[in-house]
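See structure below.
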Amino acid sequence: MRELAKAYDPHKSEDAIYKNWECKGYFRGKTNPSKKPYSIVIPPPNITGILHMGHALNDTIQDILVRFNRMKGFETEWMPGTDHAGIATQNVVEKKLAKEGIKRQDLGRDKFIDEIWRWRKDYGSTIIRQLKKLGCSCDWDRTRFTMDEGLSEAVLEVFVRLYKKGLIYRGNYIINWCPRCQTALSDEESQHKDVDGLLYHIKYPVKGSKEFIVVATTRPETMLGDVAIAVNPKDKRYKDLKDKTLLLPILNRELKIIYDPLVDMKFGTGALKVTPAHDPVDFGLGQKYNLEQINVMNEDATINSIGGDYEGMDRLEAREAIITDLKDRGLFIKSEAHRHAVGHCYRCHTMVEPRLSPQWFVKMKPLAEPAIAAVNEGRIKFYPERWTKVYLDWMNNIRDWCISRQIWWGHRIPVYYCKDCGEVMVLKLPPVKCSKCGLQNIEQDPDVLDTWFSSWLWPFSTFGWPKESPELKYFYPTNSLVTAQEIIFFWVARMIMAGMEFMRDIPFKDVYIHGTVRDITGTKMSKSLGNVIDPLDMIKKYGTDALRFSIVSITSQGQDVFLSENKFELGRNFANKLWNASRFILMNLKEEEIAVDLCVFFKESELALPERWILSRLYSNLNDVERCLGEYKFNEAANIIYEFIWHEFCDWYIEIAKSTITEKSVQVVLYKVLEKSLRMLHPFMPFITEEIWQKLPRKNDAADDSIMIQPWPHVQKDIISNKAEGDMKCVINIITAIRNIRSVWNIPPSREMSALINVHGKKDEEFLNENMEMIKRLSRLSSLEAGKKSKPKNSAVSVVVTFEVYVPLEGVIDFDKERARLKKEEERISSEIKSIAARLKNRHFTSKAPEDVIEKQKARKADLELQIKKIKDNLRNIG
RNA sequence: GGGCACUUAGCUCAGUUGGUUAGAGCGUUGCGUUCACAUCGCAGAGGUCAGAGGUUCGACCCCUCUAGUGCCCACCA
């Protein structure tokens with residue numbers, strides 16, 4: 001009646017299904033006072049971004065949460081959007097222009113920014129299309145961009161507020177400078193990488209003497225800016241230098257000697273050259289001892305005019321040249337291998353140069369305090385929990401945040417200077433005239449803000465803040481934030497601070513930190529390494545659901561995932577399995593039979609064991625899946641569903657049902673289990689479940705339009721039955737035992753085989769007789785009898801708890817082999833009995849272990865003893 | 001220098017109030033298939049849970065140490 005194709009083809013329907021959801025407005029979150037809200041804000045991907053496996057994992061997890069909670073009856077909002085990604089985007093567009101031979105300076109600021117907006121129009125929503133391909137049920141009508149009008153207003157508002165509060169200041173400090181991007185970076189944007197470098201030992205002559213002291217440095221080029229030498233006051237080696245002056249080699253600048261306990265006597269020679277304009281430690285010493293700051297480099301890290309002969313050289317070139325010159329003058333002693341951590345630009349990986357320059361900063365300590373409290377008080381929880389400590393350690397040692405960037409793409413700093421009187425004005429809107437002198441000669445600060453200065457407002461700016469919109473009121477605070485560990489400091493911590501400061505409330509309740517997607521060797525996937533597995537390729541090859549299901553089921557909570565392409569077969573095969581099971585059921589379903597309420601039906605019908613069993617398993621598993629989703633254990637949830645659908649429902653129940661499929665009870669159970677399984681699976685595999693669900697016979701009203709707006713199945717606790725599950729397990733064991741005998745003795749399925757089962761007691765006999773047909777059919781027996789039986793000659797035997805299964809094997813059986821088989825079984829059981837017996841004899845065990853554990857052990861022992869007795873009997877009369 | 005994670009079957013990985021016989025996928029061995037599915041079915045083989053010590057009646061699980069691997073943070077130039 002309702003035909004499905006023989007194999008599942010994801011490409012035929014995914015796009016149409018998605019379009020339908022979107023058109024019907026099912027992704028839309030409304031402010032609905034009669035429902036409870038559930039909201040998530042997406043970690044906004046960069047507009048330069050293209051979908052990679054990290055996104056695939058991150059956004060699949062969010063979609064699972066959103067779809068699950070939508071089905072659970074929450075008013076659901078998944079807020080999507082993109083990040084303008086200041087430096088990254090500017091770099092991309094600069095590169096594009098470079099191909100046409102154009103520099104951004106040729107265009108000028110305004111035209112260059114126009115160029116980026118144009119680029120964004122053409123390419124900036126690629127990632128959004130790809131997220132749709134992934135099946136994400138984001139509320140696209142609300143899609144935000146960190147540079148759109150509303151969010152820009154939020155940024156200005158925040159800047160002005162923090163400035164007025166004294167939490168934003170401008171200062172001349174050592175910051176991380178990327179000479180390639182030619183901008184300041186925050187501490188987080190400078191990534192430390194171990195580098196094999198050299199530690200150079202250089203002589204610094206003592207003025208007016210033949211003496212010298214030796215200084216060790218990794219960056220000799222910065223010596224051009226040296227103003228002092230520092231030693232530890234406890235260092236006896238340098239005691240006598242107190243009143244002397246040193247000479248800077250080559251430039252012959254006079255250098256002071258300062259004594260400071262900060263200097264490590266054990267490192268190098270114990271003498272530190274002090275270059276306040278080029279090193280953070282030296283900067284600090286410079287402040288303390290009021291030293292001159294001599295900047296010897298240009299913005300591109302070439303040496304400036306102070307560097308004399310070295311002017312114009314790149315920093316590394318200058319390093320070589322200086323070493324050569326020092327050698328010529330006999331001032332070079334040696335260089336030794338030295339491995340140390342060097343900061344690199346997180347965008348272009350150029351070595352960062354510590355540089356003295358005027359920048360804007362946010363004072364973080366006051367912002368951090370409430371954010372620390374929110375986590376300490378448990379109002380925000382991290383999953384896995386260990387990230388709490390990482391967060392708190394960072395927050396407790398937080399340093400001020402450098403927020404100004406010397407680039408053009410971004411939120412321009414709302415600070416205006418009067419060129420006449422020097423007044424500084426911090427305002428959301430540009431002033432017409434100077435507030436102090438009244439003249440109109442006003443200039444805006446040329447810098448823009450760090451990209452993260454807009455991202456940290458994301459959980460409320462996207463809902464309309466600073467306006468008090470109904471959405472903000474309804475959906476804030478959000479429920480879960482799903483992200484990767486790399487951006488805990490960049491983003492998560494700062495969002496918490498911003499939330500506490502501007503909303504006076506946490507931005508989200510749970511933070512789920514998932515692992516990093518790596519290649520099979522454990523290396524992080526990156527385009528430049530060429531080790532990426534492209535999710536879109538995988539979608540083409542295996543289908544979206546396969547991608548989603550596979551990546552989720554192989555990623556355990558918070559662990560990194562090592563990916564290889566063949567892992568996607570798991571999801572594809574599972575989809576096909578489900579498809580074919582559905583196909584089979586639909587082929588056999590009589591519509592008029594199934595329109596019943598399952599609970600009523602269950603109460604009023606005498607269901608047979610397999611039906612009672614599969615329903616019990618359905619609800620047991622459903623219960624577990626819900627629990628796992630609540631604990632962010634997505635792989636466990638996925639695996640439970642996989643195991644249930646494939647191995648319990650398909651392998652056992654459907655196989656059993658084949659012979660009884662025309663009966664009403666079987667029809668009902670097949671349909672109900674399939675239908676509820678589809679719902680349970682829908683958050684993980686939205687497309688195939690929708691497609692099959694659309695083929696199911698059902699009412700045709702609007703509420704019945706799509707599986708994604710159906711309620712999550714309710715766990716019917718009274719249908720869960722330990723007895724049914726235990727009984728069925730016993731039947732399965734008997735069938736498996738007989739199949740095993742067939743396999744061991746190499747009896748092809750085509751060959752007839754019969755069996756006898758020896759039972760003790762009426763109850764067992766009744767139980768077997770009730771399930772006789774099922775056992776017979778699934779073990780391919782021509783005849784099966786149960787009762788008080790003795791073993792026929794030439795039989796193989798298998799003991800299943802209290803049952804002895806005899807399979808006559810005239811002409812096939814080899815008694816030595818059978819004896820060996822039983823012996824092996826006997827050994828296994830007797831060794832287990834031994835260990836249980838020892839345990840039960842142990843007084844400490846019986847006195848200390850809980851009652852139920854002891855009872856279980858006793859029962860187990862009794863079972864095993866019964867089994868071994870039967871095996872021994874059979875061993876005795878083999879033949 | 002500080003911190004975190006990992007080490008379980010040939011491979012990739014699951015495994016929490018500590019309690020029978022440690023699981024899965026892939027691979028592998030044997031058998032099978034017109035009758036939902038070879039993207040399949042049935043039955044197997046395969047593990048001293050990194051090593052050492054400790055706590056406990058009982059440890060893959062808790063504690064200590066060791067070894068190896070990976071990651072994060074850090075102003076030893």
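Chain letters run A, B, ... following the sequence lines, proteins first and then strands; every chain starts at 1.
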Can you find a donor-acceptor pair, distance only, under 3.5 Å between A/E636 side chain and B/rA24 base?
-> no

Could a donor-acceptor pair under 3.5 angstrom be found where the side chain of A/K658 meets the base of B/rA36?
-> yes

Give a yes/no on whether any side-chain N or O of [X] is located under 4.0 angstrom from OP1 or OP2 of [N].
X: A/R583; N: B/rC37; result: yes
X: A/N573; N: B/rC37; result: no
X: A/K567; N: B/rC11; result: no
X: A/S556; N: B/rA14; result: yes
X: A/K6; N: B/rC37; result: yes
X: A/H338; N: B/rA77; result: yes
X: A/W387; N: B/rC73; result: no

Measure from the side-chain N and O atoms of A/Q667 to the backbone N and O of A/N588, and report whether any donor-acceptor pair falls under 3.5 Å.
-> yes

Check for a donor-acceptor pair, side chain of A/S190 on one end and backbone N or O of A/D187 on the other, with a separation under 3.5 Å.
-> no

Please say whether the positively charged group of A/K658, taken as NZ for Lys or CZ for Arg, lies over the ring of A/Y653, i.e. under 6.0 angstrom from the six-membered ring centre and within 45 degrees of the axis.
-> no

Checking A/K389 against A/W394: charged group under 6.0 Å from the ring centre and within 45 degrees of the axis?
-> no

Reckon [X] touches a base, only the sugar-phosphate, or nothing at all at heavy-atom distances under 4.0 Å?
X: A/Q485; answer: sugar-phosphate
X: A/R742; answer: nothing
X: A/Q559; answer: sugar-phosphate
X: A/P850; answer: base
X: A/A575; answer: nothing
X: A/Y542; answer: nothing

Distance check needed: [N] [atom2] versus [X] [atom1], whole Å only.
X: A/I654; N: B/rG41; atom1: CD1; atom2: C1'; value: 13 Å
X: A/D560; N: B/rC4; atom1: CG; atom2: C1'; value: 12 Å
X: A/H192; N: B/rC71; atom1: NE2; atom2: P; value: 16 Å
X: A/F562; N: B/rG25; atom1: CZ; atom2: C1'; value: 17 Å

Among [options], the nucleotide that comes nearest once only the side chain of [X] is considered:
X: A/K389; options: B/rC26, B/rC4, B/rA74; result: B/rC4
X: A/E655; options: B/rU12, B/rC26, B/rC37; result: B/rC37
X: A/Y642; options: B/rA77, B/rG25, B/rA74; result: B/rG25

Salt-bridge contact A/D9-A/K12 (side-chain N to carboxylate O under 4.0 Å) = no

If you measure from the Lys or Arg side-chain nitrogens to the Asp or Glu carboxylate oxygens, is any gap between A/R219 and A/E353 under 4.0 Å?
-> yes

Check whether any side-chain heavy atom of A/L285 sits under 4.5 Å from a side-chain heavy atom of A/Y289, and report yes or no.
-> yes

Sticking with atom C1', work out how far B/rA22 lies from B/rU16, rounded to a whole angstrom.
-> 15 Å

Integer angstrom distance from the P of B/rA45 to that of B/rG30 | 15 Å

Report the relative orientation of the aromatic rings in A/Y173 and A/F361; use parallel for angles under 30°, tilted for 30 to 60°, perpendicular for over 60°.
-> perpendicular

A/H338 and A/F267 aromatic centres sub-6.0 Å | yes

Let's test this: given Watson-Crick or G-U wobble pairing with both distances under 3.5 Å, identify the partner of [N].
N: B/rA5; result: B/rU69
N: B/rC76; result: none
N: B/rA52; result: B/rU64
N: B/rG23; result: B/rC13
N: B/rG41; result: B/rC31
N: B/rA59; result: none

Please list each protein N or O that sits under 3.5 Å from an N or O in nucleotides 42-50 of chain B, with the distance.
residue, atom, partner, partner atom, Å
B/rC42, O3', A/R739, NH1, 3.2
B/rA43, O2', A/S743, OG, 3.2
B/rG44, OP1, A/N740, ND2, 3.3

Pick out which of A/F382, A/Y383, A/Y632 makes a ring-ring contact (aromatic ring centres under 6.0 Å, His included) with A/Y512.
-> A/Y632

Position toward the 5' end of RNA chain B (nearest nucleotide), A/D187 or A/S582 = A/S582

